[in-house]
Asker: 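First the structure, which I've put down as structure tokens, then a few questions once you've had a look.
Just so we're on the same page: letters track the sequence lines, and every chain starts at 1.
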Amino acid sequence: MSPLYVSIYELVKAIPSGQVGTYGQIGRLCGCSPRQVGYAMAVSPTDDIPWQRVINSRGEISVRSDGFKDTEQYRRLKREGVVFDARGRVDLATFQWSGPDGVWWSEHHLEPPL
DNA sequence: TAAATGACTAACA
DNA sequence: GTGTTAGCCATTT
């Protein structure tokens, strides 16, 4: 396994239960493109990697190459307390992980929530 | 080696 | 809000 994958998996494992990260967010944090993050999730070797907590920048579960969304991902997130709206989307402003050091908020020039 | 392939995204129109 | 386009870059073939 390449060092890149190791850092991606480490980052994903740092996302707390009940929160989500985006492919782009993880990509920026580990210095690679979002596509690599998606690819790394697709081949994630073990179940101790919370791959379900990585979704796309629109707050949706990404469509897989077979053209279907992963319903297990939806179930897992819901079980962790993540709320989906009627169109199956997550409110990123509420549920997006702030990063290992609050990085995400500063990147977006925002103040962290109380 | 070279080309194809993505669980993507930002910036447009 | 929708649709298109260009860029992305490690992995795979």
Side-chain angles (χ1 to χ4, degrees):
Chain A
M1 177 185 293
S2 73
L4 173 60
Y5 277 29
V6 173
S7 64
I8 290 175
Y9 292 142
E10 287 302 310
L11 233 20
V12 171
K13 281 197 277 191
I15 303 175
S17 176
Q19 293 187 258
V20 299
T22 69
Y23 299 99
Q25 176 187 15
I26 300 300
R28 286 193 305 276
L29 288 171
C30 73
C32 68
S33 76
R35 286 200 181 276
Q36 272 56 256
V37 180
Y39 194 81
M41 291 304 99
V43 300
S44 64
T46 72
D47 221 14
D48 63 39
I49 298 165
W51 51 268
Q52 72 273 18
R53 294 179 195 148
V54 185
I55 63 180
N56 67 31
S57 63
R58 306 181 318 214
E60 297 173 319
I61 291 172
S62 286
V63 174
R64 301 301 195 265
S65 53
D66 60 11
F68 293 93
K69 293 182 180 178
D70 191 321
T71 55
E72 185 184 343
Q73 183 172 11
Y74 175 83
R75 281 199 305 275
R76 288 186 181 211
L77 289 176
K78 210 173 172 185
R79 192 170 66 233
E80 293 179 354
V82 175
V83 175
F84 289 82
D85 69 12
R87 301 233 281 319
R89 301 204 324 197
V90 175
D91 181 4
L92 290 179
T94 303
F95 293 101
Q96 183 167 21
W97 181 42
S98 60
D101 196 26
V103 174
W104 186 84
W105 295 106
S106 59
E107 277 187 358
H108 288 254
H109 311 99
L110 296 172
E111 291 302 318
L114 263 59

Asker: Tell me the interatomic distance from A:F68, atom CZ, to B:dA7, atom P, rounded to whole angstroms.
Answerer: 15 Å
Asker: Indicate, with yes or no, if A:M1 and A:I26 share a hydrophobic cluster defined by side-chain heavy-atom contacts under 4.5 Å among Ile, Leu, Val, Met, Phe, Trp and Tyr.
Answerer: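 Yes, A:I26 and A:M1 fall within the same hydrophobic cluster.
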Asker: In whole angstrom, what separates A:I15's CD1 from B:dA7's P?
Answerer: 18 Å
Asker: In whole angstroms, how far is the C1' atom of B:dA10 from the CG atom of A:N56?
Answerer: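 That distance rounds to 13 Å.
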Asker: Using only heavy-atom distances, determine whether the side chains of A:S33 and A:Q36 contain a donor-acceptor pair under 3.5 Å.
Answerer: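 Short answer, yes.
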Asker: Strictly below 4.0 Å: does A:S57 bring a side-chain N or O up to OP1 or OP2 of B:dT9?
Answerer: yes
Asker: Nearest-Å distance, OH (A:Y5) to P (C:dA10)?
Answerer: 10 Å
Asker: How long is the line joining OH of A:Y9 and C1' of C:dT11, in whole Å?
Answerer: 11 Å
Asker: If you measure from the Lys or Arg side-chain nitrogens to the Asp or Glu carboxylate oxygens, is any gap between A:R76 and A:E80 under 4.0 Å?
Answerer: no
Asker: Does either side chain, that of A:R64 or that of A:Q73, offer a donor lying less than 3.5 Å from an acceptor on the other one?
Answerer: yes
Asker: What does nucleotides 1-9 of chain C look like as a protein-contact string, B for base, S for sugar-phosphate only, - for none, at under 4.0 angstrom between heavy atoms?
Answerer: S-----BBB
Asker: For A:R58, enumerate each residue passing the side-chain hydrogen bond (donor to acceptor under 3.5 Å, both in side chains) test, keeping only those at least two apart in sequence or located in another chain.
Answerer: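 A:R58: side-chain hydrogen bond (donor to acceptor under 3.5 Å, both in side chains) contacts with A:E60.
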Asker: With rounding to the closest Å, how many angstrom separate the P atoms on C:dC9 and B:dT1?
Answerer: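 Approximately 22 Å lies between the P atom of C:dC9 and that of B:dT1.
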Asker: Base, sugar-phosphate, or nothing for A:V37, non-hydrogen atoms under 4.0 angstrom?
Answerer: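 Counting heavy atoms under 4.0 Å across all strands, no contact is made by A:V37.
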Asker: Do A:V63 and A:Y23 sit in the same hydrophobic cluster, where Ile, Leu, Val, Met, Phe, Trp and Tyr count as joined when their side-chain heavy atoms come under 4.5 Å apart?
Answerer: no
Asker: So, under a plain 3.5 Å distance rule, would you say the side chain of A:Y39 forms a donor-acceptor pair with the base of C:dA10?
Answerer: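 Absent.
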Asker: Nearest whole angstrom, please: distance from the P of B:dG6 to the CG of A:D70.
Answerer: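 Rounded to the whole Å, the gap is 17 Å.
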Asker: Just how far, in rounded Å, is P of B:dA7 from CD1 of A:I26?
Answerer: 17 Å
Asker: A:I49 has an atom CD1; how far is it from atom P of B:dA7, in whole Å?
Answerer: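 Between P of B:dA7 and CD1 of A:I49: 16 Å.
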Asker: Take atom NZ in A:K13; do more than 12 heavy atoms of anything else shown fall under 6.0 Å from it?
Answerer: yes
